[in-house]
Every structure is written in C-alpha cells, then in structure tokens.
K.L.:
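Attaching a single structure in structure tokens format; questions to follow.
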Amino acid sequence: MAKAASFIAFLLISSLFLAPYFSISEAENSAPIASGLSWTYHKSSCPKVESIIRKQLKKVFKKDIGQAAGLLRLHFHDCFVQGCDGSVLLDGSASGPSEQEAPPNLSLRAKAFEIINDLREHVHKECGRVVSCADIVALAARDSVYLSGGPDYDVPLGRRDGLTFATTNVTLENLPPPTSNASAILASLATKNFDPTDVVALSGGHTIGIGHCSSFTNRLYPTQDPNMDKTFANNLKGICPTTNSTNTTVLDIRSPDTFDNKYYVDLLNRQGLFTSDQDLYTDSRTRDIVNSFALNETLFFEKFALSMTKMGQLSVLTGNKGEIRANCSLRNTDNKSYLASMVEEDVQEEPWSEF
C-alpha cells in the first residue's frame, strides 16, 4: 500500500511540473469542426487577435488570477444556453430580462463581462469590427485555462453573435444546478451529445474558482452528506455556519488557483464541494474516469481540450447568421449612439481623403 501511494504521489508531482508545457495543436485535436468555423478563420482579417487577447489577459491575471475562473465559467454558461453565440453578454430589453438575470447566472462575475468588452475594444481597434464577441469569449476561456497552468489548445473561430437572448426558463433548463447528482448531469449533457468522459472532463473546470455557500449547504445541513469527508465538512461549516450564509470558498482545496488535475484528487478524498462534483466519483458510470484523470494529468488535459472544443461549437451561428457586435452587451440595432459615432468619425475623415 505504501509503495502504491508513493507511486501515485510521484505521478501527481511529475504531472505538476509538465503542466505548463502541455500544448495541443489542431492536428492532435480530433474533434470535428462545425460548418463555417475554421482553425485559420481570422488569419487575414485579424491575424493578431489571439496574441492581443493573450497579452491583455496576462496583465489581468497578474493582478488577479481569480478572474481566469470567471472567464472560463462565462464560456460554459454561454454555450450551454442557446449555443456559443455571446447571448449571455447581452443586457436585458423590453422583450424581457437578460440571461444574466436568470438564477444560475447571478453569480457570474461582473468583472468577467467588463474584461470581455475590454478585449473587444483592443481587438476591434486593431482589426475593425471583424471578430465576434462569441469568438472572444471562446479565446478568453482557452487562455484562462492555459495561463493558470492548464493545456494550450487551438480554438476554431468564425462564430457570429446572436440577436436574441434566452428566456429564464430556457436558461434554467440548460444549466443543471450544483445540487444535481451524476444521473441528472449525465442526462442533461447527453442532450448536447456529450458522453460520460466529456462530462467528467468538463467538470474539471472546477479545479479553479470559487463556490457560494448556497450551492452546497444542502450537504451540510440539517445532516452531513455521508459522501463528504468529515474534516472537510467541519471546515465548510466554519465558512458557512448557516444555510443562508453568503460566503464563498474555493472549489479545489489543493491548488485553487492552478488549472491541474487536483480536482479529481479531491473527489477521491471525498472533498468535492458540490453534489454534482462528488457524485462523479460515487457513480459507477464515471468513477473510473475520475480515477484515470486523478492519476494522469496529461490524459485529463487531452480530454479536456477535446471536450472544450466540442462545447465551443454548440449551436454556433456562422456565415450570414447573427452579427458582429460593436459592443458585446448590445445588439447593433440597440446601439445606435455607438454606430452614429462611427459614422461621424468617417465623415470627419473624408476631407483628409482629398489630399
């Protein structure tokens, strides 16, 4: 038993040192590409888009690495509801409340939305309005993973921004709550053609970020979930002393700000924060996958990149569908003041064109 434990420890330590250098190219990424997307979509129209986004995010994360989890989660919540069309970024209108106002999205970081619009400004300043907010969200999520220690992988581009946002009911139907068990999570994601390996790999995004007490106090009160480690539970009770506590805690107690496979090690030790996390190890359909990722970080990184590539193409708009927003939080038809200012700039520049 001691030798086995030592071997596992060696694997985990080795994977930690290899992580920063792990990269997956498009050739290695065997996920099929949706019609209208391309690995080189912006090669001519905005060749520096990826370097611009990465450069800016390095500055953001140097100040607060916690923003990486917020951007990654934003991509998840965009894609699972109505597809990867940037609809989660839209403000509400007379037609109804935005997706941001739906219960599952109330805990999305406000700063994440600001960062996306800031990235959009930098990209559009360099290239003009040719890169969609949906593409920027996908690239920001990838860089959030990589810059916090995870795999670097290519992202197919060419998404267009949606013209509508989903209703609250549709948002609720497509974002399973953290109190869901493995059966509910597997069933929900199966409707989007994700298999159990995809589900476990994508759940690994919880290796960074924070969770709100309201998302897991059902496991503490009135009685403790028997699938939760007692010491872990007692520590959580100190953070969330009542069922209506508003505090937060890290999702991965071993390396909360590093994208690695320690989330799965947490599950092996019954230290998963949410029911939707820990039940992946309890359920026989996903237990072996959790074990394999806990022992092999490289395998996790490979599967995560593949599953993210699949997720990033859910119901994408391409070609002439949708639009390229001038402001990520507004449809262009609702952004008349911004478009008017662009026209004024063109008018002011016209006299110079005569010389």
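Fair warning: this is a prediction, and the values are worked out from it, not measured in the lab.
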K.L.:
So which atom in Leu314 and which in Phe194 form the shortest heavy-atom distance, rounded to 0.1 Å?
P.N.:
CD1-CE1, 4.0 Å

K.L.:
Just checking, any donor-acceptor pair under 3.5 angstrom between side chains of Arg219 and Thr179?
P.N.:
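No, no side-chain donor-acceptor contact under 3.5 Å.
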
K.L.:
Any Lys/Arg nitrogen of Asp283 or Arg285 sitting under 4.0 Å from an Asp/Glu carboxylate oxygen of the other?
P.N.:
yes

K.L.:
Among side-chain atoms of Asp252 and His206, is any donor-acceptor pair under 3.5 angstrom?
P.N.:
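Not at all, the side chains of Asp252 and His206 share no donor-acceptor pair under 3.5 Å.
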
K.L.:
Does the side chain of Thr242 come under 3.5 Å of the side chain of Asn244 through a donor N or O and an acceptor N or O?
P.N.:
yes

K.L.:
Is it the case that Asn193 and Lys310 place a side-chain donor and acceptor less than 3.5 Å from each other?
P.N.:
no

K.L.:
Take atom CG in Asn320; do more than 12 heavy atoms of anything else shown fall under 6.0 Å from it?
P.N.:
no

K.L.:
Are Arg159 and Asp85 close enough for a salt bridge, meaning some N to O gap below 4.0 Å?
P.N.:
no

K.L.:
Report the relative orientation of the aromatic rings in Tyr153 and Phe304; use parallel for angles under 30°, tilted for 30 to 60°, perpendicular for over 60°.
P.N.:
perpendicular

K.L.:
Could you walk me through whether His124 and Arg129 pass the side chain to side chain contact (heavy atoms under 4.5 Å, CB included) check?
P.N.:
CA-CA 5 Å; His124 287 188; Arg129 186 157 50 89; 3.8 Å; yes

K.L.:
Is any side-chain heavy atom of Asp152 less than 4.5 Å from a side-chain heavy atom of Arg142?
P.N.:
yes

K.L.:
May I ask you to decide if the ring planes of Phe301 and Phe259 are parallel, tilted or perpendicular, using 30° and 60° as cut-offs?
P.N.:
tilted

K.L.:
Are Arg109 and Glu114 close enough for a salt bridge, meaning some N to O gap below 4.0 Å?
P.N.:
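Glu114 and Arg109: not salt-bridged.
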
K.L.:
Which atom names give the shortest non-hydrogen contact between Leu202 and Phe76, and what distance separates them?
P.N.:
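The answer is O-CZ, 3.7 Å.
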
